[in-house]
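The next block holds one structure in the form of structure tokens; read it before the comments.
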Amino acid sequence: MAPPPRRLLLVLLGFLAAASLATLAAAVYEDQVGLADWHQKYIGKVKQAVYHTQKSGRRRVVVLTEENVIASLDLRSGDIFWRHVIEKNNPIDQLSLSAGKYVVTLSSGGSILRAWNLPDGQMIWETNIQTSTSSKSLLHVLSNSKVVKDNLVLVLAGQWIYAVSSIDGVISWGKEFTLDGLEIKQVVQSPENDIVYVVGIAGSSKLAVYQLNAKTGEIVKDAQESLPDGLCGEILLGSSNVLVALDETRSALFIVEFKGESISYNKVQISEFVQDFSGTVKLLPLMSNGIIALQSSSTVSLLKLKGMDGLEVIHSFDQPASVSDALTITEKYEAFAVVQHVGSQIEFIVKVTSDLTNEIIREKVDIDQHRGSVHKVFLNNYVRTDKSHGFRALVVMEDHSILLIQQGAVVWSREDGLASIVDVMASELPVEKDGVSVADVEHNLFEWLKGHVLKLKGTLMLASVDELAAIQALRVRSSEKNKMTRDHNGFRKLLIVLTKAGKVVALHTGDGRIIWSNLLPSLRASKSGEMPSALRIYQWQVPHHRVMRENPSILVVGRSGASSVAPGVLCVLDSYSGEELNSRSFDHSVAQIIPLTLKDSSEQRLHLIVDSNSNAHLYPRSLDALNSFISEMSNQYFYSVDIQKNAIRGYSLQKSCDFNSDDTYCFSTKLLWSIIFPSDAERISVSEARKMNEVVHTQAKIIADQDVMYKYLSKNLIFVATVSPNAAGEIGSAAPEEASLVAYLIDAVSGRILHRVTHHGAQGPVHAVVSENWVVYHYFNLRAHRFEIAVIEIYDQSRADNKDVLKLILGKHNLSAPMTSYSRPEVMVKSQSYFFTHSVKAMAVTQTAKGITSKQLLIGTIGDQVLALDKRFLDPRRSLNPTQQEKEEGIIPLTDSLPIIPQLYHCYNIKALIGVTILSR
């Protein structure tokens, strides 16, 4: 049997799993929303934040995240006022506020400028800007009182600078700089007049400084100078005539002064004023009153600029620490914040730029240790009742969560790491047993007693408003669907997710609350700055028999770096508590992870990890696991899909590695077969296989005339779809005569192609799902200008003789005959295609414990909703005029398109699909 390949795993929310067993048409009343389901919104790791704290209107913070989301959050609670998820092909570069009522965003390399209404997030206008290159773009809102009446927004990209009105998006003026290869790096507005300073680099060493009139775009002055050794591109403009630039090696700083049309500079080595300096550094955006923030692998240093003579270190903070941008309080008063770790707490420090020895605030704040280190901090001020200034900070943590800190406490927090989920799996809850304390099952004893005291106060009408709210929350948590024990039908589970930050979070499928979370130490960034990457999550141990008293555990696999050849890491966690039971680092890479059906005596599931040299490594590394694997090794096969080389290859395993014969847990692989598609005719678009844990209730299918058809249920069956090279791009990039899609059914052990069908005039993207003996895939028909869904069902003809009752009585049937992939199977294929209204982001199929319930296809539409389509609509035996027997069987009359019934949307009017994982943000 061939283990399933590494493939994209589509997962379902708990409420989707429950809904999959419902009848074909089931609507939800408005007052039932949220009772049998839940929906959560997340935004991702914040990379930019802008506060809006004017006296009129609600106080909010507008954020831009790495998931390409812009959102407005309530400063009081962290709730989302509004949120926009922008498509990935239109990345947002920067955002800002204009005129106190517009959110201005710059995207697509400076080519698209949009304005959004601050209160409700409605788009006001959109302007397309012509840029020469796709270099880094900059956005700057003019704030000088002399020009603010024009509401101008500056857009800088490549060699161009534009001034755009924030009221209607009309371009007021545009200016192209004539210096060849110029890339604009910095723009600063003079506080005294209408002059805008623009700094750019041509090539790697030529520095150019321009002074422009903000109203007309006219160049007032310009200066150019070639610097030795080159620049890395990080530049900070400290005043009207002095800037600091980091050299190409990131080990020295250039202090540049420009007067009129002349430029003078001084190069200083960072090691001269920063002790124990090693490695490379980067400039942080703090630059005010001659203060520079310099970050190295071990420290964050605050430096004071001493004219052209050099710099001196005023203060240093040990890593991990983060420094905010300078915040203008008054005309002569600027402050910034530093957040660093002190033991199990974080320390929030606010200083003024004019006197670094003076600290306005120094507070220690308790935080959850599973959030990791501080990555970013955004400072904001407010006026207290006594007219003094107070400060708050939005802190971005390593696990991508955000906290609002004010007055020495965490006001609110958001688990926005759940916006970037890498993998997810469902885990069973513990069985409720007689004699087990309620406190042990539900929570700790203190919380259990506290709940009973609250309920007693509520019964005696002695509870306060806050206590009544707490009682209501307890009632919701103690309801049947939210218990921490397994229910009879198996709907209550733990949804264990792995995020991009390397954090594992367990959610309850009843209400979506977080049961536990763990930021894995082995998947955290190293001191050298190397960022590990989380890959997959698997079931490691499901206790039965001798280990029944142990908790189930899960396996998390990742890499110690971003590279595909980086050494791998492995962690084992307790499913009920999240406690890390074991972890280890590999001396090999992770190219493919293959969960096996084999287990050792402690019920730990065996896994093969294939490295970049095509060697397979067995885990767990125990003698018991090795013996179990060796006895079945001759029946283990796997395959790999190489999209880059346009090939599929199948392998078997041999006893020892070629390079390390001493490692008994390492096995070399033998290439058995390969299918290489001609690159000039076909390109691999997608490959799918059956889930390893899928349960099939019966192999036989009784059809209308009481005949029997036997399903071809080989778990070695894989589906591969290829498209012609011209049709590999976006829809419409190829003519119908140039486009084609070919679907293959391939045996993973022998490499034999069992079926092949060509769709002429078809184009991707292709989405597919494989279940039992059928495949459903979605594509675009260029000739009909519509999307289509095709279905292929494959049946085993070698068992057709089993329908003879006499042979069955005489024992001459072949029901118990062994099956092998090396014998040529006798198969029969039925297929059909249908028009479909929607573009598709993801596809999955429902799955039940015994495989009895009829299947439903779950389709994530382009509108970010989940549609459940009964498999009967995708029966290839549908005909225009079904017979009476076929109608009794349940075959639906044939139509050219699949129906879209509003009641089939499992998430009613909520957008529940983001990207390729069917999971709410």
Side-chain angles (χ1 to χ4, degrees), residues 40-55 57-67 69-83 95 97 103 118-119 121 320-327 329 335-342 344-351 360-385 388-419 466 501 503 505 513-514 517 519 921:
Q40 297 176 354
K41 294 181 179 180
Y42 299 101
I43 57 177
K45 184 180 181 180
V46 174
K47 62 180 182 180
Q48 189 180 355
V50 182
Y51 291 91
H52 180 266
T53 55
Q54 295 183 1
K55 293 182 179 179
R58 295 177 175 177
R59 290 176 171 82
R60 65 184 73 212
V61 56
V62 183
V63 297
L64 169 63
T65 74
E66 293 182 355
E67 298 302 313
V69 175
I70 53 173
S72 175
L73 306 180
D74 189 346
L75 266 183
R76 296 180 181 273
S77 62
D79 294 336
I80 297 176
F81 285 134
W82 53 264
R83 179 191 69 157
L95 68 76
L97 297 183
V103 178
L118 180 60
S322 185
V323 181
S324 74
D325 293 352
L327 175 67
I329 309 300
F336 66 94
V338 178
V339 178
Q340 63 177 349
H341 287 260
V342 179
S344 61
Q345 300 174 311
I346 60 171
E347 195 169 42
F348 176 46
I349 306 168
V350 178
K351 292 175 175 284
I360 304 175
I361 292 177
R362 180 181 283 265
E363 299 171 339
K364 291 185 178 180
V365 183
D366 294 319
I367 64 166
D368 183 2
Q369 294 305 301
H370 289 299
R371 298 190 184 276
S373 57
V374 176
H375 273 200
K376 289 186 179 181
V377 56
F378 302 94
L379 184 65
N380 179 242
N381 72 300
Y382 60 93
V383 180
R384 300 190 181 104
T385 54
S388 62
H389 288 281
F391 294 89
R392 60 171 73 94
L394 187 73
V395 180
V396 183
M397 304 300 293
E398 185 180 358
D399 66 342
H400 300 183
S401 63
I402 55 176
L403 320 171
L404 186 74
I405 295 175
Q406 185 175 330
Q407 296 180 352
V410 176
V411 180
W412 51 261
S413 63
R414 291 182 53 87
E415 292 288 343
D416 282 304
L418 292 173
D466 293 338
K503 188 172 186 177
V505 184
R513 71 182 186 273
I514 295 177
S517 62
L519 182 62
R921 274 216 266 232

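Please read all numbers here as calculations on a predicted model, not as lab measurements.
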Partner residues of Gln345 under the side chain to side chain donor-acceptor pair (under 3.5 Å) criterion, sequence neighbours left out = Asp366
message = Between Thr65 and Ile43 (side chain of the first, backbone of the second, donor and acceptor by atom type, cut-off under 3.5 Å), is there such a pair?
response = yes
ask   = Does anything in residues 367-383 pair up under salt bridge (Lys or Arg N to Asp or Glu O under 4.0 Å), and if so which pairs, sequence neighbours excluded?
value = Arg371-Glu415
message = Run the side chain to side chain donor-acceptor pair (under 3.5 Å) test against His375 and tell me which residues pass, sequence neighbours left out.
response = Lys45
query = Who passes side chain to side chain contact (heavy atoms under 4.5 Å, CB included) against Val411, sequence neighbours left out?
reply = Leu404, Gln406
task = Kindly write out the residues that satisfy side chain to side chain contact (heavy atoms under 4.5 Å, CB included) with Val50, not counting sequence neighbours, or none if the list is empty.
result = Gln48, Leu95, Leu97
query = Cation over ring, Arg60 on Phe81, under 6.0 Å and within 45°?
reply = yes
request  = Not counting sequence neighbours, which residues clear side chain to side chain donor-acceptor pair (under 3.5 Å) with Ser388? List them please.
outcome  = Arg384, Asp386
request  = Not counting sequence neighbours, which residues clear salt bridge (charged side-chain N to carboxylate O under 4.0 Å, His left out) with Glu347? List them please.
outcome  = Arg362
Qualifying salt bridge (Lys or Arg N to Asp or Glu O under 4.0 Å) pairs, either residue in residues 390-402, two or more places apart = Glu398-Arg524, Asp399-Lys503
message = Just to verify, which of Ile402, Val395, Asp416 counts as forming a side chain to side chain contact (heavy atoms under 4.5 Å, CB included) with Val46?
response = Ile402
key: Main-chain N/O of Val505 paired with Ser517 side-chain donor or acceptor, under 3.5 Å   = no
